[in-house]
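Single-structure report; data block below.
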Amino acid sequence: MITKDKKVESEEKINAVLDKTIDFLFKNKKLVIILLIFLIGIIFRYIAALNVEPNADEMVHGPHAVGIIDSGVIGRIWQSILWSYMTDVFHQIFGVSMLTSRSLSLIFGSLAIILIYLIGKEISGERAAIIASFLLAISSFSIIYTIIEMDLPAVFFVLLGTLFFIKRIKKDGKLSLLAAFFIGIASLIKTLSLFFVPAFLLFYFFHKDKKINLEKIFSIVKFSLVILLIFSPIFIHNILWYQEKDMVDAYLSQYFDVGKSREFYSTIQGINDGFRFKELLVGGKEMMITIIGLDPIITLLGLFSILFFFRRKEKFSSFFLIFQIFSFLFIDLTNRLTTHYVIFMPVFALYGGMLLDYAAINYSKLVSPKKIIVAFLAITLIINIYIMLPHIGSQNGTTKLREYTAEKIGKDDIVIADARIYRGRMMWLFIDKHYLESSFLESVISASANFPGPEKTYKLFFVECVVDDCGWGTIKDQQQFNDSIEKQVEFFKNNANEEVTFNGGGSPTYYPPSPYFRVYSTMINLKPQIIQNIDSTHNFFYYPANYAPKEAIPDKYDVNGPINNLLYMTAKIIIWISLFAAFGSIIVLLYLFAKEFKKSGE
């Protein structure tokens, strides 16, 4: 009887909570709209994170994030140490998959929708903010680039810093150190975040008057020092590395000929270029063509809107204009990778929402404001779905093969990977397995015969690249190499069991989907000692898989002496504080979001 009463009481409590929740949602229609917009945005991004075909850079950063925390390193050749640590947290908790490797872009790219709403509320009105959040939610560029890259997480923290910057400017005209803190976190995720700093400093300096005084100078110095303090692990890593090995990371090498670095990075295209002033106009044109091609309406609307409001002297338009221009120029002059261009989309969405709201207000006598807004957003959504569909409409073969690897291939099994699979993709796919590039197969079998002792029977998987080029982009020019691999494929076709075929997808190249990977299995007798030989081949783009063995890590060094130990420990502490603060920022954002609705009485 007591148990039944408790059950009834429990059900009544649940029903009461549900009733209150439903009543709250019906009373807060704007909140429901924002949550629905966020839901649309995160669904699109979730699909993209699973489906979009991985590019070459993803398959550099992805495997290099695995195991980085346990390695003890405080830097990488490509910097972005905080991004690597944060991604490795997901790998350690949930395992390596396309979703976990792309988790930061998915999470922070989606949360940027709410963030743009909050910024829109600060500089404009409720309706403009809602429209802006919807534009970002359906931004085809932002959705397609929900990938294993740092740009979306980095721009989230730049925008979070922007929110605190605007709030403080509106409050008392001063610089927010919280803004500097989050920009510092962004820079530790992606160095290009520093490109935005001039916008903050210039706007602060000139937004009231152009007079130079000690208060302004002191505020700018404090703001800059906070950013540099959080960014300092990058400097510390390079100092310690240079002391021992006369080396610095690739970014510093691009602009400074330091020690042995440029010789070490000689195979990296553009390592000696520095700032490419001669390519400024041509590069800028290429960037604009790419951005417009992937997100035409939001890009053109955003460009026109910023200039429109700048001419009308809207208070923060000059800030966001500098924000966009400086980052555009620096990217144009340094590293024109398409993934970097995604950082422009939030501001385009923000000012696009403001212009649509302005048009609806000022032309309401001619056309219903709701009709203007709904029609425009519907057209944008249809066009963006059309652009996205070849990228997100089918799942790439790499996602499927990684899932199969995790579930079906045992820890003692051996994987022979078709050498036509891009080496970075190969490492990411089989990073926790005994895998071998097929080019080394014959030599490994020969070496096994020379080891003493009895043989052991292993299950062997052979993974074929059905399309002949799985990520390299150069196999078509290597006919002799392709023919040699085809002979290996033919051998396994005749002597092994065909297990499964995975279609390619997630790209206009493989739309509609067609066979991409094929897996075969058989049994093989080898000496157990050969496993160590197989695992010793796991090295790509300077780093060994899982950062083991440690002596194979190029930027690993001994930390000697009290000063160097203090520097090293300081860097580690800053990285971990930044990591907890970065994840904690999700709570901060949700708090600000809830506070905004409470303040407005919603």
Side-chain angles (χ1 to χ4, degrees), residues 64-89 92 150 153-154 157 161 177-194 197 218-261 264-265 542-544 546-585:
H64 287 175
V66 180
I68 194 166
I69 292 175
D70 293 336
S71 74
V73 302
I74 59 168
R76 287 200 316 145
I77 283 170
W78 297 112
Q79 299 183 3
S80 306
I81 187 66
L82 181 55
W83 177 90
S84 301
Y85 268 58
M86 291 174 73
T87 302
D88 198 26
V89 168
Q92 291 194 20
M150 305 88 191
F157 287 102
L177 293 183
L178 267 176
F181 177 72
F182 286 114
I183 294 168
I185 288 177
S187 69
L188 207 53
I189 288 173
K190 186 73 174 179
T191 309
L192 66 75
S193 303
L194 296 174
V197 173
F218 186 58
S219 295
I220 288 172
V221 169
K222 282 196 300 182
F223 189 87
S224 303
L225 285 176
V226 170
I227 295 172
L228 290 174
L229 176 64
I230 299 169
F231 189 68
S232 64
I234 304 297
F235 296 128
I236 292 170
H237 174 66
N238 279 288
I239 289 167
L240 296 177
W241 191 15
Y242 180 76
Q243 283 180 353
E244 183 171 312
K245 298 184 178 178
D246 209 21
M247 289 283 296
V248 293
D249 66 45
Y251 279 119
L252 286 177
S253 296
Q254 185 175 346
Y255 308 107
F256 307 102
D257 189 2
V258 179
K260 305 172 185 175
S261 302
F264 182 71
Y265 302 125
Y542 306 111
Y543 288 102
N546 292 293
Y547 292 86
K550 283 186 167 53
E551 55 268 21
I553 302 172
D555 47 351
K556 183 73 176 174
Y557 38 76
D558 294 323
V559 183
N560 300 312
I563 294 176
N564 284 355
N565 271 285
L566 179 62
L567 286 172
Y568 177 80
M569 288 308 300
T570 300
K572 289 280 282 190
I573 290 168
I574 290 171
I575 291 168
W576 279 103
I577 289 173
S578 299
L579 184 145
F580 285 113
F583 284 123
S585 69

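- Residue Ala186 comes nearest to Ala154 through the heavy atom pair CB-O, 3.4 Å, listed as atom of the first residue, atom of the second, then distance.
- Heavy atoms from other residues, nucleotides or ligands lying under 6.0 Å from CZ of Phe256 number 12 at most.
- Taking CE of Met150 as the start and CG of Leu192 as the end, the distance is 10.0 Å to the nearest 0.5 Å.
- Side-chain atoms of Ser253 and Val258, non-hydrogen and from C-beta on, never get closer than 4.5 Å to each other.
- With rounding to the nearest 0.5 Å, the separation of CD1 in Ile183 from CG in Leu178 is 11.0 Å.
- Between Ile227 and Val197, some side-chain heavy-atom pair lies under the 4.5 Å cut-off.
- Evaluated for a ring pair (Phe, Tyr, Trp, His ring centres under 6.0 Å) with His237, the options Tyr242, Tyr557, Tyr568 yield exactly one hit, Tyr557.
- A distance-only check finds no donor-acceptor pair linking the side chain of Asp249 to the backbone of Trp78 [under 3.5 Å].
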For this session: Show your reasoning for whether side chain to side chain contact (heavy atoms under 4.5 Å, CB included) applies to Tyr265 and Ile77.
Result: CA-CA 10 Å; Tyr265 302 125; Ile77 283 170; 3.7 Å; yes
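- Here the rule is side-chain contact (heavy atoms from CB on, under 4.5 Å) with Thr191, and of Ile189, Leu188, Leu194 only Leu194 fits it.
- To the nearest 0.5 Å, atom NZ of residue Lys572 and atom CD1 of residue Ile236 are 12.5 Å apart.
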For this session: Walk me through it: do Tyr543 and Ile553 pass the test side chain to side chain contact (heavy atoms under 4.5 Å, CB included)?
Result: CA-CA 6 Å; Tyr543 288 102; Ile553 302 172; 3.8 Å; yes
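- The shortest side-chain heavy-atom distance between Ile81 and Ile74 does not fall under the 4.5 Å cut-off.
- Contact of the Arg76 side chain with the Ser84 side chain is registered, since non-hydrogen atoms from C-beta on lie closer than 4.5 Å.
- With hydrogens and angles ignored, the 3.5 Å screen pairs no side-chain donor or acceptor of Tyr547 with any backbone N or O of Val66.
- Tyr251 places none of its side-chain heavy atoms less than 4.5 Å from the side chain of Asn238.
- Checking side-chain atoms of Asp246 against main-chain N and O of Gly259 turns up no donor-acceptor pair under 3.5 Å.
- A distance-only check finds no donor-acceptor pair linking the side chain of Lys556 to the backbone of Gly72 [under 3.5 Å].
- Side-chain atoms of Leu82 and Ile185, non-hydrogen and from C-beta on, do get closer than 4.5 Å to each other.
- With rounding to the nearest 0.5 Å, the separation of CG in Leu240 from CD1 in Ile563 is 11.0 Å.
- Nearest heavy atom pair, residue Phe264 against residue Pro554, reads CZ-CB, 3.8 Å.
- Atom CD1 in Ile220 sits 12.0 Å away from atom CG in Leu225 (nearest 0.5 Å).
- In this structure, OG in Ser585 is found 6.0 Å from CZ in Phe182, a value given to the nearest 0.5 Å.
- Using a 4.5 Å cut-off on side-chain heavy atoms (C-beta onward), Phe181 and Leu177 make no contact.
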Problem set entry | Intermediate values then yes/no, side chain to side chain contact (heavy atoms under 4.5 Å, CB included), Ile574 and Ser232 | CA-CA 8 Å; Ile574 290 171; Ser232 64; 3.2 Å; yes
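- Using cut-offs of 30° and 60° on the angle between ring planes, the pair Phe580 and Trp576 is tilted.
- When the shell of 6.0 Å around CZ of Phe583 is examined, it contains more than 12 heavy atoms from other residues, nucleotides or ligands.
- With contacts defined as side-chain heavy-atom distances shorter than 4.5 Å, the pair Leu228/Phe235 qualifies.
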